[in-house]
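Notes follow once the structure below has been shown.
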Amino acid sequence: MTATGEAHAPGARGPEGTIPLAVPNIGELERRYVLEAVESGFVSSVGPFVSEFERRFAERVGSKHAIACATGTAAIHIGLILLGVERDDDVVCSDFTFVGSVNPIAYCGARPVLVDAEATTWNIDPGLLAGELDRRAAGGEAQPKVVEIVHVLGQPADMGPLMDACDRHGIPVLEDAAESLGATWTAGPYAGRHTGTVGRIGCFSFNGNKIATTGGGGMIVTDDDDLAARARHLTTQAKVPDVGYLHDEVGYNYRLTNIAAGLGLAQLERLDEFVAAKHRIAARYDEAFADLPLVLPPRVDGLDATYWLYSVLVPESDGRGRDEFLAHLNGLGVGARALWRPLHDQPPFLSAPLVGGVVGDGLFARGLSLPCATELTDGDQDRVVAAVRSFFA
């Protein structure tokens, strides 16, 4: 899933101010690398930090190639083009996700086919996807050109049955791993793999509120040499090397800047620290809320989530629901936020075909995310816990 809006600036609150949902964790290493990028004179998309960030990122997630982009949305857009998506093609997309996952489908002039979430992981439902693809095959209908699988809120999707369904019908998979950097599978056919590396193409986001940030930015990863070469070509305005200003197809100004890549490289070097902090906060909240009538984030054997946004579901009881819970928390200075509105309820996509739809509607109606920035202090966590518990007192 791609950029979700600007994060609050770090240090923008006093000790009794609002605890923001997510803020970037910027330290001395980031300042040093960014200053080095500025002083080098390479400030745009040509510079040593870009290539080093790509090399180190590919190494970190276990992919052969990584191509840095201006945004996660741009990464998905290029990924769809690389997989041959054209006007009037169908592209399956998770219904319960941020709108940045589906907008690139519209950029291509293609038609999104939205598939509901499953209650276990909150990701695209493997049974519904398989049923839709099998139905099309049985009826002689054209299959989707691509299936886009989103790893929502840092939770890996159940890729085994999803990939089985797509492989059975010869459909390539694009993974939207925008929110799941650092998440892995620890069991099953993809044990040891990082999200974004199972499909033919994976896409990541480095927006300001992500676990690792470049201020804004994204990354395409793939093991396919030809796809990687074309991704670099398309993201640099499709300029032919060494032939002056010759552009052999419509390209895009989608490359990451050297300054942003310097910030990203420093963040990547600290990724283990960030993921460990997310796990600690999630474990603290799990323990603190275990006796409350809340549905806590998915914890599924074999799926090692990062809990990018620690999110819970509120019971609809005694006339109080998600909105009342949000108002209560915000009133106590806790910057909670509602979960995604499903794509089938977004005005540009009201006419998109929908498979299922009940689970995603429930996640939106009952779900919210709690503050879980990697620099959240023990005191901040105490305030969040106290505010949550007081609603049910």
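Bear in mind the structure is a predicted one, so any value in this text is a computation, not a measurement.
Remark: the backbone N or O of G357 is paired with a side-chain donor or acceptor of D116 at under 3.5 angstrom. When atom types are taken as modelled, the side chain of T235 and the backbone of R255 share no donor-acceptor pair closer than 3.5 angstrom. In terms of modelled atom types and a separation under 3.5 Å, the side chain of E175 and the main chain of I149 share no donor-acceptor contact. Checking side-chain atoms of T184 against main-chain N and O of G192 turns up no donor-acceptor pair under 3.5 Å. In this structure, S94 contributes its side chain and T97 its backbone to no donor-acceptor pair below 3.5 Å.
The shortest distance between side-chain heavy atoms of N25 and E273 falls below 4.5 Å. Considering only heavy atoms from C-beta on, V275 comes within 4.5 Å of L271 through its side chain. Within the 4.5 Å cutoff, the side chain of V91 has no heavy atoms near those of the V113 side chain. No side-chain heavy atom of K239 sits under 4.5 Å from any side-chain heavy atom of L246. Inter-residue side-chain proximity for R389 and L292 is flagged as met; some heavy-atom pair is nearer than 4.5 Å. Looking only at side-chain heavy atoms (C-beta outward), N123 and D158 stay at 4.5 Å or farther from each other. With contacts defined as side-chain heavy-atom distances shorter than 4.5 Å, the pair I220/F204 does not qualify. Side-chain atoms of S390 and H328, non-hydrogen and from C-beta on, do get closer than 4.5 Å to each other.
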Yes or no on side chain to side chain contact (heavy atoms under 4.5 Å, CB included) for R270 and E30, after CA distance, side-chain angles and deciding distance? CA-CA 10 Å; R270 300 177 62 200; E30 287 83 356; 2.9 Å; yes
Next item on the list: Assess whether side chain to side chain contact (heavy atoms under 4.5 Å, CB included) is satisfied between V23 and T374, documenting all intermediate values.
Entry: CA-CA 8 Å; V23 294; T374 56; over 6 Å; no
| query | Passes side chain to side chain contact (heavy atoms under 4.5 Å, CB included), L114 versus V92? Steps please. | reply | CA-CA 6 Å; L114 306 175; V92 165; over 6 Å; no
*asked:* I'd like to know whether H194 forms a side-chain hydrogen bond (donor to acceptor under 3.5 Å, both in side chains) with S63, so could you lay out the CA-CA distance, the side-chain angles of the two residues, the decisive distance to 0.1 Å, and finally the verdict.
replied: CA-CA 9 Å; H194 284 254; S63 183; over 6 Å; no
Step by step, work out the side chain to side chain contact (heavy atoms under 4.5 Å, CB included) result for R230 and I78. CA-CA 9 Å; R230 187 153 189 255; I78 294 298; over 6 Å; no
Q | side-chain hydrogen bond (donor to acceptor under 3.5 Å, both in side chains) assessment of D304 paired with T186 | A | CA-CA 6 Å; D304 186 18; T186 57; over 6 Å; no
- Query: Are D382 and R284 close enough, and set up right, to give a salt bridge (Lys or Arg N to Asp or Glu O under 4.0 Å), and what steps lead you there?
  - Reply: CA-CA 10 Å; D382 289 342; R284 169 81 191 283; 2.5 Å; yes
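Checked against the 6.0 Å centroid criterion, the rings of H344 and F349 do not qualify as a close aromatic pair. Taking the ring centroids of H151 and W185, they lie under the 6.0 Å cut-off. Taking the ring centroids of Y33 and F53, they lie at or beyond the 6.0 Å cut-off. Ring pair F289/F392: centre-to-centre distance not below 6.0 Å.
Legend: residues meeting side chain to side chain contact (heavy atoms under 4.5 Å, CB included) with V334, ordered by chain and number and at least two apart, are L329, P371, V384, A387.
From L128, atom CG reaches atom CZ of R135 across 12.0 Å, with rounding to the nearest 0.5 Å. To the nearest 0.5 Å, the span separating CG on L309 from CG on L368 amounts to 11.0 Å. Annotation: the span from F42 atom CZ to I259 atom CD1 amounts to 12.5 Å, rounded to 0.5 Å. Once rounded to the nearest 0.5 Å, the distance linking CD of Q155 with CH2 of W122 reads 9.0 Å. Put simply, CD1 on I76 and CD1 on I81 are 12.5 Å apart, with the number rounded to the nearest 0.5 Å.
Side-chain heavy atoms closer than 4.5 Å link hydrophobic residues (I, L, V, M, F, W, Y) into clusters, and following such links, possibly through other members, connects V102 to V359. Hydrophobic clustering, with ILVMFWY side chains joined whenever heavy atoms are under 4.5 angstrom apart, groups I281 together with I19. Under the 4.5 Å side-chain heavy-atom criterion for Ile, Leu, Val, Met, Phe, Trp and Tyr, L354 and V146 are members of the same hydrophobic cluster. Linking ILVMFWY side-chain heavy atoms closer than 4.5 Å, directly or via other members, places Y252 and V221 in a single hydrophobic cluster. Taking hydrophobic clusters as Ile, Leu, Val, Met, Phe, Trp and Tyr residues chained together by side-chain heavy-atom distances below 4.5 Å, L129 does not share a cluster with L363.
Ring orientation note: the planes of F98 and W340 are tilted relative to one another, at an angle of 30° to 60°. Classified by interplanar angle (parallel below 30°, tilted 30° to 60°, perpendicular above 60°), the ring pair F391/F325 is tilted.
A cation-pi arrangement is found for R322 relative to F364, the charged atom lying closer than 6.0 Å to the ring centre and inside a 45° cone about the ring normal. Taking the ring centre of Y285 as origin, the terminal cationic atom of R280 falls outside the region bounded by 6.0 Å and 45° from the ring axis.
Comment: R111 does not engage D89 in a salt bridge, judged by the lack of any side-chain N to carboxylate O separation of less than 4.0 angstrom. Salt bridge absent: E59 and K64 never bring a charged side-chain N and a carboxylate O closer than 4.0 Å. A salt bridge between E52 and R56 is present, with a side-chain N of the basic residue lying under 4.0 Å from a carboxylate O of the acidic one. With respect to E36 and R31, no salt bridge is recorded, no charged nitrogen being found less than 4.0 Å from a carboxylate O. D323 has no carboxylate O lying under 4.0 Å from a charged side-chain N of R366, or vice versa, which leaves the two without a salt bridge. Comment: R60 engages D272 in a salt bridge, judged by a side-chain N to carboxylate O separation of less than 4.0 angstrom. Salt bridge status for D134 with R168: present, with a side-chain N to carboxylate O gap under 4.0 Å.
For D291, the CG atom is densely surrounded, since the number of other residues' heavy atoms within 6.0 Å is greater than 12.
Of all heavy-atom pairs between G216 and L256, the closest is O-CD1, 3.7 Å. Of all the heavy atoms in L21 and G335, the pair that sits closest is CB-O, 3.4 Å. For G47 against N258, the heavy-atom pair with the smallest separation is C-OD1, 3.1 Å. Of all the heavy atoms in A260 and T257, the pair that sits closest is N-OG1, 3.1 Å. In terms of heavy-atom proximity, P126 sits nearest to L162 at CA-CD2, 3.5 Å. Taking both residues in full, the closest heavy atoms of L294 and P315 are given as CD2-CD, 4.4 Å, listed atom of the first, atom of the second, then distance.
Checking D225, D223, L227 one by one against H65, the side chain to side chain contact (heavy atoms under 4.5 Å, CB included) holds for a single residue, D225.
In the model, D248 has a side-chain atom that pairs as donor or acceptor with a side-chain atom of H233 under 3.5 Å. Between the side chains of Y307 and R299, at least one donor N or O sits under 3.5 Å from an acceptor N or O. T121 and E118 share a donor-acceptor pair across their side chains, judged by distance under 3.5 Å alone.
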